[in-house]
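Take a look at the structure set out below.
Worth saying up front: this structure is predicted, and the values here are computed from it rather than measured. One-based numbering along the sequence shown.
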Amino acid sequence: AGSNGSISPSSRTVSHGNPASFTVTASSGYTSSVASTCPAGTLSGDTYTTGPITSDCNVSATFTANNQPPATPSITGPTTGAPNTSYTYTFTSTDQENDTLKYQIDWDNDGTVDQTLPATGYVPSGESQSQTNDWASIGAKTFQARAVDSNGASSGWAPYTVTLEVPEPECTAAYFC
């Protein structure tokens, strides 16, 4: 067996014409695959069973890391502002396998993706994407974003809250404060 898993027993003696069974166990986060010079066999769960054996043969296992999700993105941008004003927010994430990424944004925090950055395709791991947004009313506005890698794994959602208030009037000669 390769690293990140095991196969047992490591060897066995089998009577002519009988199959042999092995337990193939992948470490957490890994998937197993079996190669064999024995007659065709089947892998069911963690058990590999050969076909009827009539001569010396070998069974080996390899263990491949499962696709890991990208890191939850960081979001930068203003946390306060005024209604009907566009603000720019920047989304950044990395993928430990260096898969390319896209960012999904849920601007109204209802669990539905409203926008994807870039609009088509993916960007390299670690490359930021920016987008403007505005809200029409005052109050706390929470949105969320996640990163999705090119193999389909999604990060957790990163929430971000912006508080919008009516701006104080400027003190001028025409408007007394």
Side-chain angles (χ1 to χ4, degrees), residues 1-6 23-34 43-47 61-177:
S3 59
N4 301 308
S6 63
T23 301
V24 180
T25 307
S27 299
S28 178
Y30 288 81
T31 302
S32 60
S33 60
V34 176
L43 179 62
S44 177
D46 289 344
T47 302
T62 56
F63 305 96
T64 307
N66 297 335
N67 184 35
Q68 299 298 309
T72 300
S74 65
I75 303 172
T76 58
T79 57
T80 60
N84 299 311
T85 304
S86 288
Y87 297 102
T88 300
Y89 296 93
T90 301
F91 310 91
T92 308
S93 180
T94 57
D95 185 86
Q96 66 182 345
E97 295 137 346
N98 213 29
D99 294 336
T100 54
L101 304 173
K102 62 183 174 184
Y103 300 95
Q104 295 179 330
I105 308 166
D106 173 10
W107 287 114
D108 53 7
N109 202 35
D110 68 355
T112 302
V113 174
D114 300 310
Q115 187 171 24
T116 301
L117 301 175
T120 60
Y122 295 86
V123 296
S125 175
E127 184 173 305
S128 300
Q129 292 283 286
S130 296
Q131 181 62 44
T132 60
N133 197 52
D134 64 82
W135 293 266
S137 60
I138 63 171
K141 308 299 179 184
T142 299
F143 65 92
Q144 59 185 353
R146 68 182 174 191
V148 179
D149 72 22
S150 53
N151 289 309
S154 299
S155 72
W157 287 101
Y160 199 85
T161 300
V162 183
T163 303
L164 303 176
E165 299 175 341
V166 175
E168 292 292 323
E170 263 186 56
C171 295
T172 64
Y175 185 83
F176 299 103
C177 299

*Partner residues of Gln104 under the side-chain hydrogen bond (donor to acceptor under 3.5 Å, both in side chains) criterion, sequence neighbours left out*: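 Counting only residues at least two positions away or on another chain, Gln104 forms a side-chain hydrogen bond (donor to acceptor under 3.5 Å, both in side chains) with Arg146.
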State, to 0.1 Å, how close [X] and [Y] come at their nearest heavy-atom pair, and which atoms those are.
X      : Y      : value
Ala153 : Pro69  : CB-CA, 3.6 Å
Leu43  : Asp46  : CD1-C, 4.3 Å
Ala145 : Pro73  : O-CG, 3.6 Å
Ala158 : Thr72  : CB-CG2, 3.6 Å
Asp149 : Pro70  : N-CG, 3.9 Å
Asp95  : Ser125 : N-OG, 2.7 Å

_Asp114 (side chain) donor-acceptor with Trp107 (main chain) under 3.5 angstrom_ =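 Between the backbone of Trp107 and the side chain of Asp114 there is a qualifying donor-acceptor contact (under 3.5 Å).
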*With no hydrogens and no angle check, is any side-chain donor or acceptor of Ser155 less than 3.5 Å from a backbone partner on Ala147?*
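The answer is yes, because a donor-acceptor pair under 3.5 Å joins these two groups.
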Spacing of [X] atom [atom1] and [Y] atom [atom2] [to the nearest 0.5 Å]:
X      : Y      : atom1 : atom2 : result
Leu164 : Asn84  : CG    : CG    : 9.0 Å
Gln144 : Asp106 : CD    : CG    : 4.5 Å
Asp108 : Asn133 : CG    : CG    : 9.5 Å
Ile105 : Leu117 : CD1   : CG    : 4.0 Å
Leu101 : Glu127 : CG    : CD    : 9.5 Å
Thr62  : Tyr30  : OG1   : OH    : 12.5 Å

*Yes or no on side chain to side chain donor-acceptor pair (under 3.5 Å) for Gln68 and Glu97, after CA distance, side-chain angles and deciding distance?*
CA-CA 7 Å; Gln68 299 298 309; Glu97 295 137 346; 4.9 Å; no
[X] vs [Y] side-chain heavy atoms within contact, under 4.5 Å:
X      : Y      : answer
Val34  : Val24  : yes
Val162 : Trp135 : yes
Asp134 : Thr85  : no
Thr163 : Thr79  : no

_Hydrogens and angles aside, do Thr64 and Thr31 bring a side-chain donor and acceptor to less than 3.5 Å of each other?_
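Thr64 vs Thr31: no donor-acceptor pair found between side chains.
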*Fit a plane to each ring of Phe143 and Tyr160, take the angle between them on a 0 to 90° scale, and name the class: parallel (under 30°), tilted (30 to 60°) or perpendicular (over 60°).*
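Tilted: the ring planes of Phe143 and Tyr160 meet at 30° to 60°.
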*Take Asp99 and Asn67, measure what side-chain contact (heavy atoms from CB on, under 4.5 Å) needs, and give me the verdict at the end.*
CA-CA 9 Å; Asp99 294 336; Asn67 184 35; 3.1 Å; yes
Run the side-chain donor-acceptor check on residues 86-93: report pairs under 3.5 Å with partners two or more places apart or on a different chain.
| unit_1 | atom_1 | unit_2 | atom_2 | d |
| --- | --- | --- | --- | --- |
| Tyr87 | OH | Ala82 | N | 2.8 |
| Tyr89 | OH | Pro78 | O | 3.2 |
| Thr90 | OG1 | Ser130 | OG | 2.7 |
| Thr92 | OG1 | Ser128 | OG | 2.5 |
| Ser93 | OG | Ala71 | O | 2.4 |

